[in-house]
Amino acid sequence: MRTWYMKRNCSFSPKQVGMFYASIVCFSLLVASYFLLIGVWMVIIFTTIEILALTIALYIYTRHALDYEKITIAGKQLLFERSWGGKLQQHEFNTVWTKVISTGKADRDIALKSANQEVVIGFFVGVNEREKFQKELQQYLGI
């Protein structure tokens, strides 16, 4: 049995992002409160815009922070699993009839192809590592 597990390279876990978000919001509201007390009420509008923009950006980041691709080969069965934005996709292939092909697209150029099914893979593989990954995966197919 052989498994490849590829995931996004993220600096912060979702828990760390939440702590960062809470600290930034508290600091922004503290500064805005000071200016509100001295009579500059318009700072609340800009603080609200700032917090809203930060909320949207960090929501998108945390939604995709745990994305991954996993390829497992056990005997003549290849199982491809992708988690993208919390949604799980699974595809099952027979290793005898499956090929690893290049699709020709620059950003995602590796795919698994079998009969009437084609799945793009290698989203989390670096550009300089794709050829090596493709050759390594091809060694386990067709046996």
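The structure presented is a predicted model; accordingly, all values stated were derived computationally and were not measured.
Taking CZ from Phe20 and OG1 from Thr62, the interatomic distance works out to 12.5 Å, rounded to the nearest 0.5 Å. In this structure, Thr98 OG1 and Leu78 CG are separated by 6.0 Å, a value rounded to the nearest 0.5 Å. The structure places CG of Leu58 at 9.0 Å from CD1 of Ile24, a figure rounded to the nearest 0.5 Å. Interatomic distance, NZ of Lys113 versus OG of Ser102, reported as 13.0 Å (0.5 Å rounding). Distance check: Ile45 CD1 to Glu50 CD gives 14.0 Å after rounding to the nearest 0.5 Å. If you take CG on Leu79 and OG1 on Thr3, they are separated by 9.5 Å, rounding to the nearest 0.5 Å.
Among residue pairs with one or both ends in residues 44-71, those qualifying as ring-ring contact (aromatic ring centres under 6.0 Å, His included) are Tyr5-Tyr68, His64-Trp84; sequence neighbours excluded. The list of salt bridge (charged side-chain N to carboxylate O under 4.0 Å, His left out) pairs with a residue in residues 58-70, not counting sequence neighbours, reads Arg8-Asp67, Glu69-Arg82.
A donor-acceptor contact closer than 3.5 angstrom is absent between the side chains of Tyr140 and Thr95. Glu92 and Gln77 form a side-chain donor-acceptor contact under 3.5 Å, judged by distance and modelled atom types alone.
With sequence neighbours left out, Ile44 forms a side-chain contact (heavy atoms from CB on, under 4.5 Å) with Ala32, Leu36, Thr48.
Smallest separation of non-hydrogen atoms from Ile71 and Met6: CD1-CE, 4.0 Å.
Looking at His91 and Phe93, their side chains come closer than 4.5 Å, going by heavy atoms from C-beta outward. Residues Leu137 and Gln139 form no side-chain contact, since every pair of their non-hydrogen atoms from C-beta on lies 4.5 Å or further apart. Side-chain contact between Ile73 and Leu141 is present, with at least one heavy-atom pair separated by less than 4.5 Å. Residues Leu112 and Val100 are in side-chain contact: their nearest non-hydrogen atoms beyond the backbone lie under 4.5 Å apart. Counting heavy atoms from C-beta outward, Asn94 and Trp97 have side chains that approach closer than 4.5 Å.
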Legend entry - Steps toward side-chain contact (heavy atoms from CB on, under 4.5 Å) verdict (Ile101, Glu118): CA-CA 9 Å; Ile101 61 169; Glu118 184 174 323; 4.0 Å; yes

Inset, instruction - For the pair Val40 and Ile38, evaluate side-chain contact (heavy atoms from CB on, under 4.5 Å) and give the outcome as yes or no after the intermediate values. - result: CA-CA 6 Å; Val40 185; Ile38 63 171; 4.2 Å; yes

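When atom types are taken as modelled, the side chain of Ser28 and the backbone of Val25 share no donor-acceptor pair closer than 3.5 angstrom. A distance-only check finds a donor-acceptor pair linking the side chain of Ser13 to the backbone of Gln16 [under 3.5 Å].
Lys132 has no carboxylate O lying under 4.0 Å from a charged side-chain N of Glu136, or vice versa, which leaves the two without a salt bridge.
Criterion: ILVMFWY side-chain heavy atoms under 4.5 Å apart, direct or through other members. Under it, Leu88 and Phe123 are not part of a common hydrophobic cluster. Under the 4.5 Å side-chain contact rule for hydrophobic residues, Leu29 and Val43 do not share a cluster. The hydrophobic cluster containing Phe27 also contains Phe35, counting ILVMFWY residues as joined when their side-chain heavy atoms lie under 4.5 angstrom apart, directly or transitively.
Counting heavy atoms of neighbouring residues, nucleotides and ligands inside a 6.0 Å radius, atom CD of Glu131 does not exceed 12 of them.
Under the 30°/60° scheme for interplanar angles, the aromatic rings of Trp4 and Phe133 are found to stand perpendicular.
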